[in-house]
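Chain naming here is simple, since letters A, B, ... match the order of the sequence lines and numbering starts at 1 in each.
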Amino acid sequence: MSSISLYNSFSRKVEPFRPQTPGEVKMYVCGVTVYDDCHLGHARSQMVFDTLHRLFLETGHVVHYVRNITDIDDKIIKKATEAGVPIDSITRTYIDSFFRDMGRMGILSPAKEPRATEFLASMVELIERLLAGGSAYRAGGDVYFRVKSFSGYGGLSHQVLDDLQSGARIEPGEEKEDPLDFVLWKGAKPGEPSYPAPFGPGRPGWHIECSAMSLHYLGPTLDLHGGGMDLLFPHHENERAQSEAATGRTFARTWMHNGFVTTSQEKMSKSLGNTRRIRAFFEESPFPETVTREWLRYFFLGTHYRSPVDFTDGGLASAKNALDGLHQCRALLLDRLSGEDPESDPRTGSLLLSFMEALSADLDTPVALSVLHGAKSRINPWLASGGAGSPPVDPREVRALFSLAGRTLGLLTTPPAAWVGGGGAGTGSRGSELASEEVDRLVRLREEARKARDFKQADALRDELRAAGIVLEDQPGGSPRIRRI
RNA sequence: GGCGGCGUAGCCAAGCGGUAAGGCAGAGGUCUGCAAAACCUUUAUACGGCGGUUCAAUCCCGCCCGCCGCCUCCA
């Protein structure tokens, strides 16, 4: 099995991935702040790390995967206040929404999904350690991290302190020693929700939860820490500073950051108001959930994780059509091989090897997909001939490859009978306005016309259905296949 | 201003020193009453521009042009 190499944001190089304990991976990925539904940016990020998670599992690693849920945050408080409801009614709503979205996308659950509210004590303890060590100080009711006390600051995001200095600001009401310093604990103002702490009631700063939770579950040194590119600075830089200041150990050996999803080439973000929600994508999809899931996954996996992906109808249509071809091939293949036990399929072979090599090379999913297509074009002629002669590649290896794609990429898992081809040119689909009884009636009429060789009438009926979003595909014997677009 | 990324066929997208993977769309064909679907074949003297290094550059270096991101909450 080829070894896995990954791009490390810290060194800015692709390096062999070597966990502290061979065969065991401690990975921590930043989850979401639960004040709104997740958008496609979150979808891609979670999908990238899900793929990595699956790759580790496939290569026999034990994976200690932790993904946090931020349920203490100013935006949550603001939303709750505006709605006049308790904070936990907001967080409960969006935690549910988050889990529903992850489920829809087929994201494998991490081993642990801690929430910030469950780790207040650990955070307080960590802050006290920093205070005791001189890395933090109290000012007003707040506690700040003293950035200048950590010599490696800026090392992760490759920022120079002086350059950062010029952009940093002190908000009104803050009493920082230095504009660069960031808050570890925010003292509560009158009327604000708060948690007790030795240094006064308040709430934790944004970064401290990740330090506390990862330390708790995974110890001082992570093998891998991931998140979106936008978390590199300041979030990850600050996490690293406070963690290393507290433990004196390397916080993360490998840092991974995924690229953005854009619309009209612009970053999709809540502040720009150009987001597209995951739930909306699924709810508006003309396809069943598992089909939509594969569709979205294929779309994102078609671009390397560090590059931006522009979310367009054209790209979506292309992804759906490409997937259709793979599914078609798989359906024929499974049918052909139905008498043979998949358990006896080969475990090795050049196809399987190329696929794994692609994934192992810094998660090169586009190349992995091309391996799938390559297998398809080699096996198709044999399949089309009804399995005559000797196949150009071992069909059982192709079956094994498709199954491998299912385990690692979450693709080609929908049963052939449940796959829905076609369409995909944009979501927000219309669906058909025709009731199925009406469709059946028109199809029957057309069949009668065809039998009578009244093709003019038959074609008119077909056109009518087509206009209503129903495409008919005649089959050799029997009734036509009905496809909704 | 500081730091970083990107620019490859109509569109999307790999490759990153040895002479351009893959997908979508298009074209032609097989099949079909005709279609659709499926299948087969086909589609870049060439990688933003100009210099340089090299036996050899899309891949390395420099400059230029264009686009994007981080530096503030953000996956």
Side-chain angles (χ1 to χ4, degrees), chain A residues 9 12 29-33 35-36 38-49 73-75 154 157-169 171 206 226-235 237 257-262 265-272 275 298-299 302-304 306-310 312 314-326 328-329 331-332 354 358 361 364-374 376-377 380-385 421-422 424-425 450 453-456 458-459 462-463 466 471-476 480-481 483 485:
Chain A
S9 303
R12 290 184 169 167
V29 170
C30 289
V32 295
T33 301
Y35 70 98
D36 202 352
C38 290
H39 61 245
L40 294 166
H42 300 104
R44 163 130 101 142
S45 185
Q46 292 310 320
M47 237 175 237
V48 165
F49 293 105
D73 172 84
D74 288 359
K75 284 176 179 156
S157 56
H158 303 93
Q159 299 287 325
V160 179
L161 244 50
D162 290 346
D163 297 330
L164 246 24
Q165 202 88 35
S166 58
R169 277 199 305 266
E171 299 295 328
W206 175 33
M229 213 87 113
D230 45 3
L231 297 182
L232 186 60
F233 189 91
H235 186 53
E237 190 69 69
H257 295 93
N258 64 276
F260 300 127
V261 13
T262 62
Q265 322 274 31
E266 233 182 13
K267 177 186 174 185
M268 183 180 283
S269 82
K270 291 177 186 171
S271 44
L272 288 172
T275 61
Y298 189 97
F299 173 75
T303 301
H304 185 83
R306 281 188 281 123
S307 300
V309 181
D310 204 38
T312 61
L316 248 15
S318 170
K320 184 59 172 58
N321 290 335
L323 244 192
D324 283 349
L326 254 14
Q328 173 74 22
C329 173
L332 256 32
S354 313
D364 200 341
T365 53
V367 168
L369 294 181
S370 80
V371 173
L372 259 24
H373 282 102
K376 184 200 84 165
S377 8
N380 256 344
W382 179 76
L383 254 14
S385 75
R450 287 182 70 206
R453 303 199 66 81
D454 181 358
F455 296 120
K456 207 175 155 197
D459 290 350
R462 184 169 63 194
D463 290 346
R466 163 108 221 175
V471 175
L472 296 186
E473 292 172 13
D474 293 339
Q475 313 222 73
R481 202 159 75 183
R483 219 178 79 218
I485 56 168

Separation between the P atoms of rA25(B) and rC40(B), rounded to whole Å: 14 Å
Sugar-phosphate only, base, or nothing, as touched by Thr303(A) at under 4.0 Å among non-hydrogen atoms: sugar-phosphate
Nearest-Å distance once atom C1' is located in both rU45(B) and rG29(B): 28 Å
Spacing of Cys329(A) atom SG and Asn380(A) atom CG [to the nearest 0.5 Å]: 4.5 Å
Touch class at under 4.0 angstrom, heavy-atom based, for Arg481(A) against every strand present: sugar-phosphate
Touch class at under 4.0 angstrom, heavy-atom based, for Gly302(A) against every strand present: sugar-phosphate
Candidate nucleotides rA36(B), rG23(B), rU72(B), ranked by approach to the side chain of Pro234(A) - the nearest: rU72(B)
Whole-angstrom distance between rA21(B) and rA14(B), as gauged at atom P: 16 Å
Nucleotide nearest Arg12(A) when distance is taken to its side chain, options rG4(B), rA14(B), rC70(B): rG4(B)
Gap in Å between the two C1' atoms, one belonging to rA44(B) and one to rU58(B), rounded: 12 Å
Sugar-phosphate, base or nothing in reach of Leu231(A), heavy atoms under 4.0 Å: sugar-phosphate
Rounded distance [0.5 Å steps], NE2 in His42(A) versus SG in Cys30(A): 11.0 Å
Leu40(A) side, atom CG; Met268(A) side, atom CE - distance, nearest 0.5 Å: 5.0 Å
Whole-angstrom distance between rC12(B) and rG7(B), as gauged at atom P: 12 Å
Separation of atom OH in Tyr298(A) from atom P in rG22(B), rounded to whole Å: 12 Å
Touch class at under 4.0 angstrom, heavy-atom based, for Val371(A) against every strand present: nothing
Side-chain N or O of His373(A) closer than 4.0 Å to phosphate OP1/OP2 of rG22(B): no
Options rC3(B), rA75(B), rC68(B), nucleotide nearest the side-chain atoms of Gln265(A): rC68(B)
P-based separation of rU19(B) from rA75(B) [nearest Å]: 44 Å
Whichever of Cys30(A) and Val309(A) has its nearest RNA chain B nucleotide further upstream toward 5': Val309(A)
Presence of donor-acceptor pair under 3.5 Å, side chain of Asp474(A) and base of rC34(B): yes
Rounded distance (nearest 0.5 Å) linking atom NZ of Lys267(A) with atom OG1 of Thr275(A): 12.0 Å
Pairing nucleotide - rC34(B), Watson-Crick or G-U, each distance under 3.5 Å: none
Sugar-phosphate, base or nothing in reach of Glu266(A), heavy atoms under 4.0 Å: sugar-phosphate
Using nucleotides 38-43 of chain B, report all nitrogen or oxygen pairs with the protein that are shorter than 3.5 Å.
from, atom 1, to, atom 2, distance (Å)
rC39(B), OP1, Asn380(A), ND2, 3.2

Distance, C1' atom - from rC65(B) to rG49(B), rounded to whole angstrom: 7 Å
P gap between rU42(B) and rA35(B), integer Å: 24 Å
SB check Asp459(A) Arg462(A) (cutoff 4.0 Å): yes
Any donor-acceptor N/O pair, Ser385(A) side chain to Trp382(A) backbone, under 3.5 Å: yes
Closest nucleotide among rA75(B), rG23(B), rA14(B) to the His39(A) side chain: rA75(B)
Value rounded to 0.5 Å, distance of CD in Glu237(A) from NE2 in His158(A): 9.0 Å
Sugar-phosphate, base or nothing in reach of His235(A), heavy atoms under 4.0 Å: nothing
Pair assignment for rG18(B), Watson-Crick or G-U wobble, requiring both distances under 3.5 Å: rC55(B)
Sugar-phosphate, base or nothing in reach of Phe455(A), heavy atoms under 4.0 Å: base
Rounded distance [0.5 Å steps], CG in Asn258(A) versus OG1 in Thr303(A): 12.0 Å
Under 3.5 Å donor-acceptor pair, Arg462(A) side-chain atoms to rC34(B) base atoms: yes
Arg44(A) (side chain) donor-acceptor with Gly259(A) (main chain) under 3.5 angstrom: yes
Asp364(A) vs His304(A) side-chain heavy atoms within contact, under 4.5 Å: yes
Glu473(A) or Asp364(A), whichever maps to the more 5' nucleotide of RNA chain B: Asp364(A)
Sugar-phosphate only, base, or nothing, as touched by Gly374(A) at under 4.0 Å among non-hydrogen atoms: nothing
Quiz item: Asp459(A) side-chain donor-acceptor pair to rG33(B) base, under 3.5 Å: yes
Sugar-phosphate, base or nothing in reach of Gly228(A), heavy atoms under 4.0 Å: sugar-phosphate
Watson-Crick/G-U partner (both atom distances under 3.5 Å) of rG28(B): rC40(B)
